[in-house]
Structures are given as C-alpha cells and as structure tokens.
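Reckoned from all heavy atoms, side chains included, excluding hydrogens, waters and symmetry mates. When a residue number appears, it is its place in the shown sequence, counting from 1.
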Amino acid sequence: MIGGMSSLETPRRSAGPYVVLLFPLLFILVFVMHFRHPGDFFHFKLHYVPRDPATVVAALVHAQNHWPMFSDPHMIGYLGLPLLLVCAFALYRISRVPRPRLSALTLFVTAAGTIYLGGVFGMWTAFYRGLGGVDPSQLEGAIATFRAMTAPQGP
C-alpha cells in the first residue's frame with residue numbers, strides 16, 4: 001500500500017474541473033456563432049445592430065428545414081444548459097463551507113435562471129424551425145412576424 005491506497009486502485013478524478021472549463025468555452029462558441037464571420041467578433045459596437053429580417057426569414061423559409069439543427073447556436077446552447085447546473089453545483093460545493101447561505105442562494109438563482117434561459121433557447125429553436133415550414137407564398141407575413149418578434153420593444 002502506498003499512501004493508504006493499494007497498488008491496484010487508481011485515484012478517481014472528478015469531472016467538475018473539466019465541466020467548469022467546458023461550459024464557458026461552449027457558450028463562447030455559441031456567442032461567436034451569432035456573427036457572420038469570426039472576425040466580426042472583434043468589431044465592437046455600442047448598440048445591437050440586428051440582421052435584416054427579410055434576409056433571415058427568406059433564408060430560413062428557403063431552407064425548408066433541410067439543414068441540421070446541431071449547427072444552430074440556440075440548439076447548442078439549449079443542449080449545453082445542464083453543464084451550467086453542474087458548474088453551479090461545483091461552485092456551490094467550493095463555497096458552501098465559508099458562506100453556506102449565500103452559496104445556497106446563488107445555486108437557487110442559477111437554477112431558476114437556467115430554466116428561464118432554457119425557455120429562451122427553446123423558443124428561438126422552435127421559431128427558427130417553424131419558419132422552415134412556412135409556405136414561400138406566405139413570406140411577407142413571416143417577415144412581418146419576425147420583425148415584430150425582434151423589435152427593440154420586444155414581442
């Protein structure tokens with residue numbers, strides 16, 4: 001036995017440190033995928049400039065849902081949300097001894113925010129997929145709906 005462990009036993013490694021790194025990297029990827037070109041990520045603007053709704057809707061209607069959903073940043077974000085909960089729990093375990101109430105509160109707020117964020121990602125995924133099923137003759141109505149949903153005052 002070496003150090004209280006037999007030579008046949010191997011130390012168990014926790015997935016926590018890897019997930020704590022994987023989650024931010026995944027969501028940076030999701031954020032960068034919203035840009036047309038990776039170089040656009042470094043062109044900072046003080047306000048959000050939305051893409052032309054007519055261009056976005058026409059492309060989605062024309063695609064007719066023949067493109068894979070795994071290349072959609074909203075789908076990647078939606079499927080990556082469990083990593084957020086694992087990260088929050090890992091941070092809770094680190095901070096629960098020195099500040100038990102505050103760490104429990106932040107874990108609760110993170111869980112509630114994850115549910116909300118899941119709704120946002122799910123809504124956009126369903127909305128984009130739904131536009132792929134629109135009849136091309138109804139393109140003007142779909143553009144008007146998309147314009148209303150993405151207007152600065154909200155849907």
Side-chain angles (χ1 to χ4, degrees), residues 14-96 99-155:
S14 172
Y18 301 110
V19 173
V20 170
L21 285 175
L22 181 63
F23 172 73
L25 292 175
L26 179 70
F27 271 69
I28 288 170
L29 173 69
V30 167
F31 180 71
V32 169
M33 287 177 72
H34 280 81
F35 295 95
R36 289 185 196 113
H37 306 288
D40 291 345
F41 176 73
F42 298 104
H43 296 147
F44 299 105
K45 297 180 175 94
L46 295 177
H47 65 284
Y48 174 67
V49 179
R51 293 175 63 185
D52 179 35
T55 305
V56 173
V57 173
L60 291 169
V61 169
H62 177 70
Q64 294 291 307
N65 291 330
H66 294 298
W67 45 275
M69 287 294 290
F70 288 111
S71 63
D72 181 31
H74 302 106
M75 180 60 83
I76 294 170
Y78 186 72
L79 294 174
L81 283 178
L83 295 175
L84 177 58
L85 293 175
V86 172
C87 286
F89 187 70
L91 293 173
Y92 164 76
R93 288 190 58 191
I94 292 169
S95 64
R96 70 180 173 193
R99 298 195 184 268
R101 288 187 184 132
L102 187 59
S103 60
L105 177 67
T106 56
L107 180 63
F108 173 76
V109 169
T110 302
T114 302
I115 293 168
Y116 172 79
L117 195 57
V120 170
F121 284 139
M123 184 270 309
W124 277 108
T125 302
F127 186 59
Y128 271 38
R129 200 66 175 172
L131 283 172
V134 169
D135 187 338
S137 66
Q138 303 297 320
L139 185 62
E140 291 305 316
I143 292 171
T145 302
F146 189 85
R147 188 171 281 128
M149 293 246 343
T150 57
Q153 69 272 9

>> For His62, I'd like to know if atom NE2 has over 12 heavy atoms of other residues, nucleotides or ligands within 6.0 Å.
In response: no
Worksheet item: Are any non-hydrogen side-chain atoms of Arg129 and Thr125 less than 4.5 angstrom apart?
Response: no
request  = Verify the ring-centre separation between Phe31 and Phe27: is it less than 6.0 angstrom?
outcome  = no
Q.
Do Val120 and Trp124 have side chains that approach each other closer than 4.5 Å (heavy atoms only, starting at C-beta)?
A. yes
To the nearest 0.5 Å, atom CG of Leu107 lies from atom CZ of Phe89 at 7.5 Å
dist Leu79:CG -> Leu81:CG (nearest 0.5 Å) comes out at 8.5 Å
Side chains of Met123 and Met149 in contact at under 4.5 Å (non-hydrogen atoms): yes
Taken to the nearest 0.5 Å, the spacing of Gln64 CD from Leu131 CG works out to 10.5 Å
Side chain to side chain contact (heavy atoms under 4.5 Å, CB included) with Phe23: of Leu84, Val86, Leu85, only one passes, and it is Leu84
If you count heavy atoms of other groups shown closer than 6.0 angstrom to CZ of Arg96, is the number above 12?
yes
For the rings on His37 and His43, is their centre-to-centre separation under 6.0 Å?
no
Check the angle between the aromatic planes of His74 and Phe121 and answer parallel, tilted or perpendicular using the 30° and 60° thresholds.
tilted
Any sub-3.5 Å donor-acceptor pair from Asp40's side-chain atoms to Phe35's backbone N or O?
no
Smallest heavy-atom separation, Ala142 atom then Val134 atom, equals CB-CG1, 4.2 Å
Could you go through the side chain to side chain contact (heavy atoms under 4.5 Å, CB included) check for Leu26 and Leu83 one step at a time? CA-CA 9 Å; Leu26 179 70; Leu83 295 175; 4.0 Å; yes
For Phe146 and Pro53 the tightest heavy-atom approach is CD2-CB, 3.6 Å
Of all heavy-atom pairs linking Cys87 and Val20, the shortest is SG-CA, 3.5 Å
Taken to the nearest 0.5 Å, the spacing of Arg101 CZ from Leu105 CG works out to 11.5 Å
In terms of heavy-atom contacts, His34 and Val30 come closest through ND1-O, 2.9 Å
* Kindly indicate whether the side chain of Leu60, heavy atoms from C-beta on, has any atom under 4.5 Å from the side chain of Tyr128. => yes
In short, Thr110 meets Ala88 closest at the heavy-atom pair CG2-CB, 3.5 Å
Nearest heavy-atom approach of Asp52 to Arg147 is OD1-NH2, 4.4 Å
